[in-house]
Structures are given as structure tokens and as C-alpha cells.
Colleague: 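This is the structure I want to talk about, given as C-alpha cells.
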2 protein chains.
Amino acid sequence: MSQLLPVVPADAPVATGDWAGSVRLTFRRGEEIYAQDEDADLIYRVVRGSIRTTHLQSDGRRQIGDFYYVGDIIGVEVGDVHRFSAEALTDCDVLALRRAGSTAYEPGRVQQMIWAATATELRRTQSHMLLLGRATACEKVARFLMDIADRFRGEFVILPMSRQDMADYLGLTIETISRMLGRLQADGVIEFSGSRKYRVRRPGCLSEMAAA
Amino acid sequence: MSQLLPVVPADAPVATGDWAGSVRLTFRRGEEIYAQDEDADLIYRVVRGSIRTTHLQSDGRRQIGDFYYVGDIIGVEVGDVHRFSAEALTDCDVLALRRAGSTAYEPGRVQQMIWAATATELRRTQSHMLLLGRATACEKVARFLMDIADRFRGEFVILPMSRQDMADYLGLTIETISRMLGRLQADGVIEFSGSRKYRVRRPGCLSEMAAA
DNA sequence: CGGGGCCTTGATGCTGTTCAAATAGAGTGG
DNA sequence: CCACTCTATTTGAACAGCATCAAGGCCCCG
């Protein structure tokens, strides 16, 4: 609400191409990129690291909107203010670009990008809604692991988020998350090396349990 | 999937203004306006009655996307096909308009309308996601009753949807819906006349229970 | 070596589901 | 208009899944 926008140094590095006119900003793990209820003047493109968006209710309950990785665009809002806040899950760099003319429809490079990002956001939010509506804890966790794995090239997947983040994304508790992960590992579907790194041993089995 | 688009008679009534070029179509209670997985060629504006959008999963579980009333626009999709189907909750009329050029960004009347409708849809889907994520059955029902009441002028609110529709919207069962409505009525917060008509007796109390 | 998060594991309880049955209500034909 | 049927809704009782509460273990880092 009352947080100041990041101050941009005059000699800050500037991107070219579609993001010409943007400014590169760096955030440390845990730092806030923008706050809930803050004016939505800027949109951001992730170029390093990963980010979560969070909605906090008055009674303290927390809902994670989504997790964003390199290439994703965040900060697109329907109204004038951010409905979610954004925090860095890891150290990260973003390109920040001023939204030219509010949400009004205008031809132009930036508007076109906002339009595309809004459409993408709608699709992701719909998927998230379907996930929260009618799925068991096991299905939720299985689909989550699948979605994350699909975004990674390599065999091993690194989770940038905590169990609490996963819980607040899926509408569960950390204990339930932990138990479901344990069960999936016991069944040989996935294999963890430490708590933040896993690989999928039986993709077919995992997608069956996801049961979309 | 394989359903044909509605056949438009040559002399069908045509609207003017923003919806110039659209065709008025009439559907009976229960009829399908468009199907899940069908090509999304048209967008629709509700001019009479009410409509639900539905997503059906392979295992039969059903999730209601949203409920739409006069003035709302439905059929806007991110991809090329409908992710939800739309069915008439009551007899209803819609204006159907062809999407000019896919989802590509182009200046123009229809594109501008699609853009605005997409933004509205995103906001509604976000609210729905937050509702499904972390709310008790009582909170879900209270918020639902509030949202519906906000859309009506008069003292009494008519519910066009069944208990099953409410349940599939809120991610609950019909029994739980019925019990929560009973509890709210016993507490004097709402008052039903028959199962599809109610009025809010204590708005402050209702919004407290909604606890957004 | 010690401290402090974060994560896991176990025991217990509550919320919402499931199964079953009764009741109310809407539609239909006599 | 009434009786009948079929569906929608309500209500009750038992159950299941996930939450809550409470320890205990792991790991990172000083």
C-alpha cells in the first residue's frame, strides 16, 4: 500500500527489443518486488531466479497465486492496484517496464505484451482454480510435481519454494504436503535427494495420480 | 467436441452498436450454448436469462467456472477451443458475434471487447480461486450468497442454479450446501422462501461470515 | 559444536463426505 | 383442480481425509 516504487538509478542497465525502455532490477531471496494493494504501474519480466505471488487475507491466511520462472511476466493486473504481492524465492533479476496508459486498450508494443500476458495469466489461474476445486491432497501434490517438472529440462528438478509455499499454493498444510511426498516416494513414483531436489521415476504413474 | 455451431437463419434479428453484426439466439433451460473442447469461434453477450459454465473431468467430477447474467460476456477463451462448456440455467437470449482474427492482438471494436472481457474474466477467476483455496464451507456459502445478492436490485434474490450447481461451484457437496444454508437461516442471517428464493436479513453478519 | 530454521513423523480430533432415507416441490396427465 | 410421478432438497448417522497439536530429526551456517 504505502511502499515506494523501486528507485531506478540513472545509469541502470537497459534492455532492448520488446523490453526496450525497461530497467533491470535485482532482488535478494525473500525481498518484495511489489506489494499487495500497491499501484500497479510497472510490469516485470523474470530474467534470473524465481518468484512467487501471494495474496494475504485479513485473518492471516495466505494464498499463493503462482510461481514464476525465467521468461515469465508478472505484475499484470486487471485493476489499478496489485491484488497479489510478489516476492523473490531466490536471488533474481527482473526487467521493469512502465505500463504506458493504464489498462485501456491501445495499439502499441507494451499494450500488446500486457494483453498477451493477461491471457496467459487467465489460463494459469483457470488451471489453478480447477486444481483447488475438486482434487484430493494426493492429486494436488502429484499435479504440482508434474507442472514443475514440465518447466525443467534436466532429469532433476530443483524446488525453489518451501513446503509452506507449496501448501499455500495447494490449499493444504505442510504436514499433508510432507506426507504425500513421502507416500509418492515410498511408491517409487518420485525420488528426492534432500528436500528441495527430486526426479520423476515413473512419469506415467505420476500423471495417473494427477488425474486431470 | 463434435457439436455443430448454431445454424443462423438468414433473417435472424441483428443487434446494433458494439454488437453490430451479432445474431440473437435463444436457448431453453438446460440447453448447451457451446461445448467443452469445441472451437471458440464466437463470443456471446447475455441479454436475457442466466448461464453457467462447466468443466467436466474425465472421471466425471464437475467444476462450475462461473454464473453469468444479463450484460455479461461469455465464450472468451485464451486458446482456440472452449475450456468450459456453457449451459442455459433458465431460458435465455444471447447475442453471438464472430471473433474476427483469433486471439491475435489487433485494434478494432471486437478485439477491444474481447480484451475487456478477458480482463474481467481474469478478475473473476482470481476471486474464485481465492474462494476455493482457503475457506471453510460456511465461508464459501456466505460469500456465494453475498456475491449473488450484490448482483440483484431487489430485496429478494432468486437463485437460478440448483444446489448441485452451487456445490460444484464451491467445491462442496449438496448436503453440505444444504446444511450451511440451514445453519445461516437458523441464525437469522438469511431467510428462504422456498429453496430458490432468499433475502439477506443481516448483511453485516453475512459479510462477517464471508471473512474475505 | 551448537543454534535455528525447515522438514518429517506420530497421535488425535474436527470438518466435510458418504450413504441412506424422508420430505418437499415441480411438472404432467386425468 | 387433483392425484401421481419424478426430481430436488433436506435431514440423519457413520465414516474418511485432512488439520491440528506435539515431538523429533535433518541440515545449513555461524
Side-chain angles (χ1 to χ4, degrees), chain A residues 28-30 52 59-64 87 89-91 131-145 158-187 190-198 209 211, chain B residues 28-30 52 59-64 87 89-91 131-145 158-187 190-198 209 211:
Chain A
R28 292 291 179 95
R29 183 169 173 309
R52 69 161 181 251
D59 59 4
R61 278 175 296 187
R62 204 177 71 138
Q63 175 70 50
I64 302 288
E87 296 111 29
L89 284 169
T90 64
D91 292 355
L131 183 62
L132 292 176
R134 296 210 166 277
T136 63
C138 191
E139 286 169 357
K140 285 178 177 180
V141 172
R143 278 186 58 180
F144 177 82
L145 293 175
I158 307 290
L159 292 172
M161 75 289 289
S162 69
R163 295 288 185 270
Q164 187 64 61
D165 290 331
M166 292 172 55
D168 289 341
Y169 177 78
L170 296 174
L172 299 168
T173 61
I174 53 173
E175 293 93 334
T176 299
I177 299 284
S178 187
R179 276 183 250 271
M180 295 302 145
L181 292 175
R183 182 193 298 181
L184 286 171
Q185 177 155 261
D187 293 350
I190 55 171
E191 181 181 16
F192 266 85
S193 319
S195 63
R196 299 284 188 111
K197 181 181 170 187
Y198 71 97
M209 310 193 79
Chain B
R28 292 287 179 98
R29 184 168 172 310
R52 66 161 182 252
D59 60 3
R61 279 176 296 188
R62 203 177 72 140
Q63 175 70 51
I64 302 289
E87 297 111 30
L89 285 168
T90 63
D91 294 354
L131 183 61
L132 292 176
R134 294 208 167 281
T136 64
C138 191
E139 285 169 357
K140 286 178 176 180
V141 172
R143 277 186 58 181
F144 176 82
L145 293 174
I158 307 291
L159 293 172
M161 74 290 289
S162 69
R163 294 288 186 270
Q164 187 63 62
D165 291 330
M166 293 172 55
D168 289 341
Y169 178 78
L170 297 173
L172 299 169
T173 60
I174 52 172
E175 293 93 334
T176 300
I177 299 284
S178 187
R179 276 183 251 274
M180 294 304 143
L181 291 176
R183 183 193 296 181
L184 286 171
Q185 178 156 259
D187 293 349
I190 55 171
E191 180 182 17
F192 267 84
S193 320
S195 63
R196 300 283 189 110
K197 180 179 171 188
Y198 71 97
M209 311 193 80

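Note on naming: letters A, B, ... go to the chains in the order of the sequence lines (proteins, then strands), and numbering restarts at 1 for each one. Side-chain atoms are counted along with the backbone in the values below, which use heavy atoms only and exclude waters and symmetry mates.
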Colleague: Considering only heavy atoms and no angle criterion, is a donor-acceptor pair shorter than 3.5 Å present between the side chain of A:Q164 and the base of C:dC7?
Modeller: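 Side chain to base: no pair below 3.5 Å.
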Colleague: Under 4.0 Å between a side-chain N/O of B:S178 and OP1 or OP2 of D:dT10, yes or no?
Modeller: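 Checking B:S178 against D:dT10: at least one side-chain N or O falls below 4.0 Å of OP1 or OP2.
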Colleague: Map A:M161 and B:S195 onto DNA chain C by nearest heavy atom, then report which one ends up closer to the 5' terminus.
Modeller: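 Closer to the 5' end of DNA chain C: A:M161.
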Colleague: Can you work out whether A:T136 or B:E175 has the more 5'-proximal nearest nucleotide on DNA chain D?
Modeller: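 Its nucleotide being nearer the 5' end, the pick is B:E175.
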Colleague: Please give, in whole Å, the distance from D:dA8 C1' to B:L89 CG?
Modeller: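 Atom-to-atom, B:L89 to D:dA8, this comes out as 15 Å.
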Colleague: Take the protein atom CG of B:D168 and the nucleotide atom P of D:dT9, then report the distance between them rounded to whole Å.
Modeller: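 Nearest whole value for this atom pair: 12 Å.
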Colleague: Expressed in angstrom and rounded to an integer, what is the separation of B:R163 atom CZ from D:dT10 atom P?
Modeller: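 That distance rounds to 4 Å.
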Colleague: Is there a donor-acceptor pair closer than 3.5 Å between any side-chain N or O of B:Y198 and the backbone N or O of B:L181?
Modeller: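 No: the side chain of B:Y198 does not pair with the backbone of B:L181.
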Colleague: Go through C:dC6, C:dT8, D:dT20 for me and flag the one nearest to the A:I174 side chain.
Modeller: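 In terms of side-chain proximity for A:I174, the closest of C:dC6, C:dT8, D:dT20 is C:dT8.
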Colleague: Given 3.5 Å as the limit, does a donor-acceptor pair link the side chain of A:D165 with the main chain of A:S162, or not?
Modeller: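 Yes.
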Colleague: What pair of heavy atoms forms the shortest contact from B:V141 to B:M180, and how long is it?
Modeller: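 Residues B:V141 and B:M180, closest heavy atoms: CG2-CB, 3.8 Å.
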Colleague: Quick check: any donor-acceptor pair below 3.5 Å linking the side-chain of A:R179 to the base of D:dG17?
Modeller: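 In this structure, the two groups form no donor-acceptor pair.
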Colleague: Of the candidate nucleotides C:dG16, C:dT8, D:dC18, which contains the atom at the shortest distance from the side chain of B:L172?
Modeller: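 Minimum distance to the B:L172 side chain belongs to C:dG16.
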Colleague: Whole angstroms only, please: what is the CD1-P distance between A:I177 and C:dC6?
Modeller: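 Nearest whole value for this atom pair: 16 Å.
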Colleague: When you compare the side chain of A:D168 with that of A:R52, does any pair of heavy atoms fall below 4.5 Å?
Modeller: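 A:R52 does not reach A:D168 side chain to side chain.
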Colleague: On DNA chain C, compare the nucleotides closest to A:R134 and A:S162; which residue's is nearer the 5' end?
Modeller: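 This one resolves to A:S162.
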Colleague: CE of A:M180 versus P of C:dT8: gap in Å, rounded?
Modeller: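 Atom CE in A:M180 sits about 13 Å away from atom P in C:dT8.
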Colleague: Record whether the side chain of B:R183 comes under 3.5 Å of the base of D:dT10 through a donor-acceptor pair of N or O atoms.
Modeller: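 No.
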